[in-house]
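Comments concern the structure below.
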Amino acid sequence: MSDDTQALMSIGALARSTGLAVRTIRFYCDEGILEAYRSVGGHRLFDAATATERVLLVRRLRALGVGLGSIAEVLRGERSVAEVVAAESARLDVELRAMAWRRASLRAVETASPHQRAERLAVLAAAEDGRTAHECLVRFWRRALAPIPPGDIEGWLYWNIPEPPADPTVEDVVAYAELTGLVTDTAFNSVVRQQYWRGRAELVGDPRRLYARVGDVMADVVPLVAEGVPPRGGTELDEFVDAHARARGEHDSPSFRAQLLDGATDTDDRILRYWTLTEQLVGERVTVGRAHHWMYRALVASSHEGSGGRHRKAIDAAQQNS
């Protein structure tokens with residue numbers, strides 16, 4: 001036997017040194033994971049200096065669930081062990097979140113009363129899993145806030161769209177599924193756009209500037225809502241009305257304030273339900289929905305003061321739904 005052949009080991013010897021079955025080593029060879037030489041008699045032979053270490057690395061990475069494709073990349077030097085382990089960890093995080101969502105969904109159906117079970121199944125079907133449901137909400141708000149460029153609304157989306165809980169409760173998945181069901185209703189988009197852009201949106205000359213100005217006003221309103229300050233007239237309301245008026249080439253006036261209430265959808269049951277569910281998921285955070293409702297009640301009160309009671313019904317509805 002030459003010096004070259006003395007540096008090789010048989011498949012049986014490799015199996016004994018690594019604790020793997022011969023058939024497993026053959027499989028790795030067939031999949032291109034391990035490189036083998038052939039003896040004159042056609043038997044597989046392996047580099048004695050590296051084969052054991054490589055097979056043990058394969059075995060250990062497989063025990064962690066790393067795929068053969070990724071392992072092959074490590075053995076070829078294309079990726080490091082740290083890189084493939086990090087990728088597998090990230091993949092497992094996604095899988096575990098999906099499983100947690102599925103478990104909570106199953107429990108939601110299990111714990112429903114018999115006469116509610118069919119309805120709950122239908123609601124849960126709207127949200128396949130947390131990530132899919134979240135993407136559905138993001139797409140909805142991108143449409144509702146159009147034509148604002150996507151880059152301008154990232155902060156808005158982050159603040160107002162709840163992230164799916166990593167370990168959701170039954171209440172979480174039901175709330176999230178109901179949110180998804182609401183935004184898949186084509187009529188809901190029109191209702192939300194009416195609330196956000198108010199009436200005669202086609203007259204808005206610069207939607208991007210209006211969005212920015214209203215956003216600044218809502219940033220001032222949020223702490224007022226958090227502190228429990230009742231809706232009121234003042235700087236915040238004046239800035240809100242002025243933003244809408246200037247966007248339409250008009251000026252703040254009692255008649256313009258009344259126009260902002262024409263066709264108002266702020267007390268629509270679907271909108272109120274949407275933000276109630278959102279607040280259930282985001283906790284104490286004050287959403288733009290609550291800020292807009294505060295502003296709506298302030299606007300109703302302001303318009304009422306200047307119109308001799310014309311909006312009494314609207315005030316009552318706003319107070320009942322606050």
Side-chain angles (χ1 to χ4, degrees), residues 1-110 124-125 127-139 150 154 158 163-169 172-173 176-177 180:
M1 185 174 291
S2 66
D3 291 340
D4 288 340
T5 57
Q6 289 177 353
L8 300 176
M9 65 192 306
S10 69
I11 192 170
L14 182 58
R16 288 190 295 274
S17 68
T18 60
L20 287 178
V22 168
R23 65 178 179 277
T24 301
I25 296 175
R26 288 199 187 104
F27 172 74
Y28 289 158
C29 291
D30 294 340
E31 293 295 313
I33 302 298
L34 295 175
E35 182 181 0
Y37 305 96
R38 291 287 182 175
S39 68
V40 176
H43 300 293
R44 286 186 173 95
L45 297 173
F46 301 87
D47 186 335
T50 61
T52 298
E53 181 181 346
R54 289 170 71 84
V55 170
L56 289 175
L57 177 60
V58 172
R59 181 181 183 180
R60 290 161 183 164
L61 289 175
R62 287 296 292 155
L64 294 176
V66 178
L68 291 177
S70 296
I71 292 174
E73 291 175 342
V74 171
L75 295 177
R76 291 194 299 265
E78 298 171 0
R79 298 172 72 188
S80 69
V81 170
E83 288 173 335
V84 299
V85 167
E88 179 62 22
S89 177
R91 185 197 68 78
L92 190 58
D93 284 342
V94 173
E95 185 176 326
L96 289 173
R97 289 173 73 95
M99 291 177 66
W101 190 274
R102 183 184 174 201
R103 178 187 60 195
S105 297
L106 291 170
R107 288 177 178 169
V109 176
E110 179 186 7
L124 292 170
E128 299 175 17
D129 57 59
R131 184 170 60 174
T132 301
H134 184 267
E135 291 171 355
C136 181
L137 297 180
V138 170
R139 287 194 301 271
E154 289 305 315
Y158 171 79
E163 285 289 334
D167 189 16
T169 64
D172 290 336
V173 295
Y176 224 112
T180 308

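Since the structure is predicted, the reported quantities are computational estimates derived from the model, not experimental observations.
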What distance do [X] atom [atom1] and [Y] atom [atom2] have between them, rounded to the nearest 0.5 Å?
| X | Y | atom1 | atom2 | result |
| --- | --- | --- | --- | --- |
| L8 | L14 | CG | CG | 11.5 Å |
| S70 | L64 | OG | CG | 12.0 Å |
| I33 | L68 | CD1 | CG | 5.0 Å |
| S80 | E73 | OG | CD | 11.0 Å |

Heavy-atom pair of closest approach, residues [X] and [Y]:
| X | Y | answer |
| --- | --- | --- |
| R97 | A166 | NH1-CB, 3.3 Å |
| A100 | D167 | CB-OD1, 4.2 Å |
| V22 | G12 | CG2-CA, 4.5 Å |

Return yes when atom CZ of R62 has more than 12 non-hydrogen atoms of other residues, nucleotides or ligands closer than 6.0 Å, and no otherwise. yes
Provide the full list of ring-ring contact (aromatic ring centres under 6.0 Å, His included) pairs with a residue in residues 74-109, sequence neighbours left out, each pair given once. W101-Y176
Which residue pairs pass the ring-ring contact (aromatic ring centres under 6.0 Å, His included) test with at least one member in residues 46-81, sequence neighbours excluded? none
Under the 3.5 angstrom rule, does the side chain of R102 hit a backbone N or O of L106 as a donor-acceptor pair? no
By side-chain contact (heavy atoms from CB on, under 4.5 Å), which residues pair with [X], not counting sequence neighbours?
| X | answer |
| --- | --- |
| D172 | P165, P168, T169, L281 |
| A21 | R23, T24 |
| R59 | L20 |

Is there a side chain to side chain contact (heavy atoms under 4.5 Å, CB included) between L124 and V173 once you walk through the steps? CA-CA 8 Å; L124 292 170; V173 295; 4.3 Å; yes
Do V74 and V66 pass the side chain to side chain contact (heavy atoms under 4.5 Å, CB included) test, and can you show the C-alpha distance, the side-chain angles, and the key distance before you say yes or no? CA-CA 11 Å; V74 171; V66 178; over 6 Å; no
Partners of [X] by salt bridge (charged side-chain N to carboxylate O under 4.0 Å, His left out), sequence neighbours excluded?
| X | value |
| --- | --- |
| R16 | none |
| R139 | none |
| E78 | R76 |
| E163 | none |

List the atom pairs, donor and acceptor, that lie under 3.5 Å between side-chain atoms in residues 88-96 and the rest of the protein, sequence neighbours left out.
| unit_1 | atom_1 | unit_2 | atom_2 | d |
| --- | --- | --- | --- | --- |
| E88 | OE1 | R91 | NE | 3.2 |
| E88 | OE2 | R91 | NE | 3.2 |
| E88 | OE2 | R91 | NH2 | 2.5 |
| R91 | NH1 | E95 | OE1 | 2.7 |

What's the verdict on side chain to side chain contact (heavy atoms under 4.5 Å, CB included) for T180 and E135, showing C-alpha distance, side-chain angles and the deciding distance? CA-CA 10 Å; T180 308; E135 291 171 355; over 6 Å; no
Do the non-hydrogen side-chain atoms of C29 and R26 ever get within less than 4.5 Å of each other? no
Could you check whether any side-chain heavy atom of L61 comes within less than 4.5 Å of a side-chain heavy atom of V85, counting everything from C-beta outward? yes
Side chains of residues 47-57: which donor-acceptor pairs under 3.5 Å do they make with residues two or more places apart or in other chains?
| unit_1 | atom_1 | unit_2 | atom_2 | d |
| --- | --- | --- | --- | --- |
| D47 | OD1 | A49 | N | 2.9 |
| T52 | OG1 | S17 | OG | 3.2 |

Table please: side-chain donor-acceptor pairs of residues 36-45 below 3.5 Å, with sequence neighbours left out.
| unit_1 | atom_1 | unit_2 | atom_2 | d |
| --- | --- | --- | --- | --- |
| R38 | NH1 | G42 | O | 2.7 |
| S39 | OG | G41 | N | 3.3 |
| S39 | OG | G42 | N | 3.4 |
| S39 | OG | H43 | N | 2.9 |
| R44 | NH2 | D30 | OD1 | 2.9 |

